[in-house]
Amino acid sequence: SAGFNMQAGSDAMVKECVATHNTGFGFNNAVAANQFYSNFSCDNTAGQYSGVSSAAVAGPFNADGVDNVDCSITGGTCEATPIFNTGLTHVLTIPGRYCLAQNITAAAGNVLTISGSSIFVDLNGHTITVPAGGTGISVGVFTDVRIYNGFINGGGVGSLGINVLAAEDVRIEDVTCEDCVSSAISLTGSLRTIVNRVSCNTSLNGLSSSIGNGTVISDSRFSNNTSRGVSFDTSSLNGVIKDCIADINGNGFFIASSS
């Protein structure tokens, strides 16, 4: 039967759940008032969603900005696609889940380039080593991207650990970024970025944000950065920093007058 079956009389929110390989629908909803956010449905016999709005990419109006992903729309798969070390830049364009199978690097430029929406990258406890002047993970002008569970090391020569450029609804969680020439994490023009349980160390800046809106940083640590632990530069609006530690930096938390 259905993975999640919401019948008459229910009043519920279902968030960040996965339904797969059920004989009925992944999510079966009979009450219009019920709310479904950030879920993923794939390979269910009767279909992925019934009575639930779903899409291939994220929309702007959901609780955390992430739509319910339907892999039958995206053409993706429930199984994570492994990423192996080739020494070349990996460009991810197809919605779905990706997983590092080993430590990876590239000879130059970006190690991973995310050029699509609804892409989830599990670093799987492995390390991305950034080449000289390059970037570990670059996220372009897309929506609903998640990066989690691993390490990014600039080796004192890589420029940026994670670079988010004008993307919407990006989540970065349980990641350590360090030893970058510029910022361990850089957010430019991004909307509703969530940064949770990260450690950004021994770089010029731990995390820098500019011309963005709605950045939330929580439960994170920023240590031994030459300039700033966290920097909200030009027009970083409506940001939230909570339950974070900045220690042994040039400046701990810097908030510009326009932020």
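We're numbering straight along the sequence, starting at 1. All values below come from the heavy atoms of this structure, side chains included, with hydrogens, waters and symmetry mates left out.
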Indicate yes or no for a side-chain donor-acceptor contact from [X] to the backbone of [Y] under 3.5 Å, with no hydrogens or angles considered.
| X | Y | answer |
| --- | --- | --- |
| Ser117 | Thr143 | yes |
| His90 | Ala106 | no |
| Asn149 | Asp122 | no |
| Ser209 | Ser236 | no |
| Ser210 | Asp233 | no |
| Thr86 | Leu88 | yes |
| Asn22 | Gly24 | no |

In the structure I gave you, are the side-chain heavy atoms of [X] and [Y] within less than 4.5 Å of one another anywhere?
| X | Y | value |
| --- | --- | --- |
| Phe25 | Asn44 | no |
| Phe142 | Ile114 | no |
| Val139 | Ile147 | yes |
| Thr81 | Ile94 | no |
| Phe253 | Ile217 | no |

Of the non-hydrogen atoms in [X] and [Y], which two are nearest, and what is the gap between them?
| X | Y | answer |
| --- | --- | --- |
| Ser203 | Ser182 | CB-O, 3.7 Å |
| Leu123 | Phe151 | CD1-N, 3.9 Å |
| Val130 | Gly158 | CG1-CA, 3.6 Å |
| Asn124 | Leu100 | ND2-O, 3.1 Å |
| Ile104 | Asn85 | CA-OD1, 3.5 Å |
| Pro82 | Ala101 | CB-CB, 4.3 Å |

>> Which residues pass the side chain to side chain contact (heavy atoms under 4.5 Å, CB included) test with Asp219, not counting sequence neighbours?
In response: Asn196, Arg197, Asp243
Supply the atom-to-atom distance [X] [atom1] to [Y] [atom2], rounded to the nearest 0.5 angstrom.
| X | Y | atom1 | atom2 | answer |
| --- | --- | --- | --- | --- |
| Ile172 | Arg146 | CD1 | CZ | 12.5 Å |
| Ile185 | Ile162 | CD1 | CD1 | 4.5 Å |
| Arg228 | Cys200 | CZ | SG | 15.5 Å |
| Tyr49 | Asn29 | OH | CG | 12.0 Å |
| Phe120 | Leu92 | CZ | CG | 13.0 Å |
| Phe4 | Phe27 | CZ | CZ | 4.5 Å |

> Salt-bridged, Glu168 to Arg192, with N to O below 4.0 Å?
Replying inline: yes
> Hydrophobic clusters join Ile, Leu, Val, Met, Phe, Trp and Tyr when side-chain heavy atoms are under 4.5 Å apart, directly or via other members; which others share one with Val216?
Replying inline: Val240
> Checking side-chain hydrogen bond (donor to acceptor under 3.5 Å, both in side chains) for the pair Asn238/Asn213: CA distance, chi angles, key distance, verdict?
Replying inline: CA-CA 6 Å; Asn238 302 309; Asn213 200 319; 2.9 Å; yes
Do [X] and [Y] get their side chains close enough for a donor-acceptor pair, meaning under 3.5 Å?
| X | Y | value |
| --- | --- | --- |
| Thr202 | Asp179 | yes |
| Asp144 | Ser118 | yes |
| Asn5 | Asn28 | yes |
| Thr135 | Ser138 | no |

Cluster check [X], [Y]: I/L/V/M/F/W/Y, side chain < 4.5 angstrom:
| X | Y | result |
| --- | --- | --- |
| Tyr98 | Leu112 | yes |
| Leu204 | Val198 | no |
| Leu191 | Ile211 | no |
| Val141 | Leu160 | no |

> Of Val145, Leu187, Thr215, which meets side chain to side chain contact (heavy atoms under 4.5 Å, CB included) against Val164?
Replying inline: Leu187
> Of Asn205, Asn201, Asn251, Asn249, which meets side-chain hydrogen bond (donor to acceptor under 3.5 Å, both in side chains) against Asn225?
Replying inline: Asn249
> Can Thr93 and Ser115 be said to form a side chain to side chain contact (heavy atoms under 4.5 Å, CB included), step by step?
Replying inline: CA-CA 5 Å; Thr93 60; Ser115 294; 4.1 Å; yes
